[in-house]
Amino acid sequence: SKPALKYDTLRLSKIAALCPATDELLSDANAAESLLADRAGEAIRYAVEDSILHGTGAGQPLGILNAGSLVTVAKEAGPQTADTIVAENILKMYSRMMHRPNGNAVWITNADCLPQLFSMSLNNNPLYLPNMQMADSPYGTLMGRPLIISQHANTLGDLGDIFFADLSQYVTVVKAGGVEAARSMHLWFDQATEAFRFSMRIAGQPWMGSAVTSDNSADTVSPFVTLAARA
């Protein structure tokens, strides 16, 4: 068959961390500069990871939660109790994943959700297996796939508190050189303080613009699946 290709543009956005350091600190603490660089790198990483889940696509990467390819599984009828995750939610999320040979799908969830997962079972078999030995570190598994605890996932009961995602289907582009560092004595010269700036340029979005309908199923599937709010 002839492939249908689309042309798209990923525009790099800048993310930066600015930190002041007094002349006294820099003079008295030999490791101050390396400490600032380390902490700034962590802050930039935090912001990038958050944008991969929540980004609007305007001046930042397009996050999974705002992507057109995201599949949102409805809560159970009955109704499902607020702020809960039940086995049926997990099974339906698993069924909506676009499963691939050698797939890389992982679960991403907030730590608030762990008590729900620990008590979850199917035919008396636990769905969640925590990492009980070093071979499993640092993850447990849910339905046989790794479970990653992330503070970027929303709190229990909210949309986006748990994801089933194949992150190999999320594309990122980073400007060559990665994080750039610069310092200036002029910004806060009157305060005897130097400015340290760390910045990088990044773009990102899911490869797919929409979910896909399978040939033999009415349900759409996607590399990115989440659970609707349970308020």
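When reading the values below, keep in mind they use all heavy atoms of this one structure, side chains included, and skip hydrogens, waters and symmetry mates. Each residue takes its place number in the sequence, starting with 1.
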[X] and [Y]: same hydrophobic cluster, using ILVMFWY side-chain contacts below 4.5 Å?
| X | Y | answer |
| --- | --- | --- |
| V71 | M98 | no |
| L53 | I15 | yes |
| F118 | L91 | yes |
| M93 | L122 | yes |
| I52 | V174 | yes |

Criterion side chain to side chain contact (heavy atoms under 4.5 Å, CB included) on L70 and I64, from CA distance to verdict: CA-CA 7 Å; L70 178 68; I64 293 171; 4.0 Å; yes
Minimum side-chain heavy-atom gap [X]-[Y] below 4.5 Å:
| X | Y | answer |
| --- | --- | --- |
| L26 | F196 | yes |
| H99 | D166 | no |
| Y94 | L142 | no |
| L114 | L147 | yes |
| N104 | L167 | no |
| I108 | I162 | no |
| V86 | M120 | no |
| Y128 | I90 | no |

Counting only heavy atoms from other residues, nucleotides and ligands, does the tally under 6.0 Å from [atom1] of [X] exceed 12?
| X | atom1 | value |
| --- | --- | --- |
| E180 | CD | no |
| Y46 | OH | yes |
| R145 | CZ | yes |
| W207 | CH2 | no |

Separation of [Y] [atom2] from [X] [atom1] (nearest 0.5 Å):
| X | Y | atom1 | atom2 | result |
| --- | --- | --- | --- | --- |
| R197 | L18 | CZ | CG | 8.5 Å |
| Q205 | Q60 | CD | CD | 13.0 Å |
| L117 | L127 | CG | CG | 9.0 Å |
| D23 | Q191 | CG | CD | 11.0 Å |
| L227 | R96 | CG | CZ | 11.5 Å |
| R201 | S13 | CZ | OG | 8.5 Å |

Let me see the working for H54 and N154 under side chain to side chain contact (heavy atoms under 4.5 Å, CB included), right down to the final yes or no. CA-CA 10 Å; H54 299 282; N154 290 329; 3.3 Å; yes
So, for [X] and [Y], which heavy atoms are closest and what is the spacing to 0.1 Å?
| X | Y | value |
| --- | --- | --- |
| S214 | V221 | OG-CG2, 3.8 Å |
| L12 | A203 | CD2-N, 3.7 Å |
| A228 | A74 | CB-CA, 4.1 Å |
| P206 | F224 | CB-CE1, 3.6 Å |
| I44 | A17 | CG1-CB, 4.3 Å |
| A211 | T220 | CB-CB, 3.8 Å |

Any ion pair linking R183 and E33 (charged N to carboxylate O, less than 4.0 Å)?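 Judged by the 4.0 Å cut-off on N to carboxylate O distance, E33 and R183 do form a salt bridge.
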Knowing that exactly one of Q116, Q80, K75 qualifies, which makes a side chain to side chain donor-acceptor pair (under 3.5 Å) with N89?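 It is Q80; the other options fail the test.
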Verify, without hydrogens or angle tests, whether [X] (side chain) and [Y] (backbone) share a donor-acceptor contact under 3.5 angstrom.
| X | Y | answer |
| --- | --- | --- |
| S69 | M208 | yes |
| N110 | D161 | no |
| S95 | K92 | yes |

Please assess T81 against R230 for the test side chain to side chain donor-acceptor pair (under 3.5 Å), listing each intermediate value before the final yes or no. CA-CA 7 Å; T81 304; R230 284 128 288 131; over 6 Å; no
For T172 and Y170, run side chain to side chain contact (heavy atoms under 4.5 Å, CB included): C-alpha distance rounded to whole Å, both residues' side-chain angles, the deciding distance at 0.1 Å, then the answer. CA-CA 7 Å; T172 56; Y170 188 94; 3.5 Å; yes
Test side chain to side chain contact (heavy atoms under 4.5 Å, CB included) applied to T226 and T72, step by step: CA-CA 5 Å; T226 193; T72 302; 3.8 Å; yes
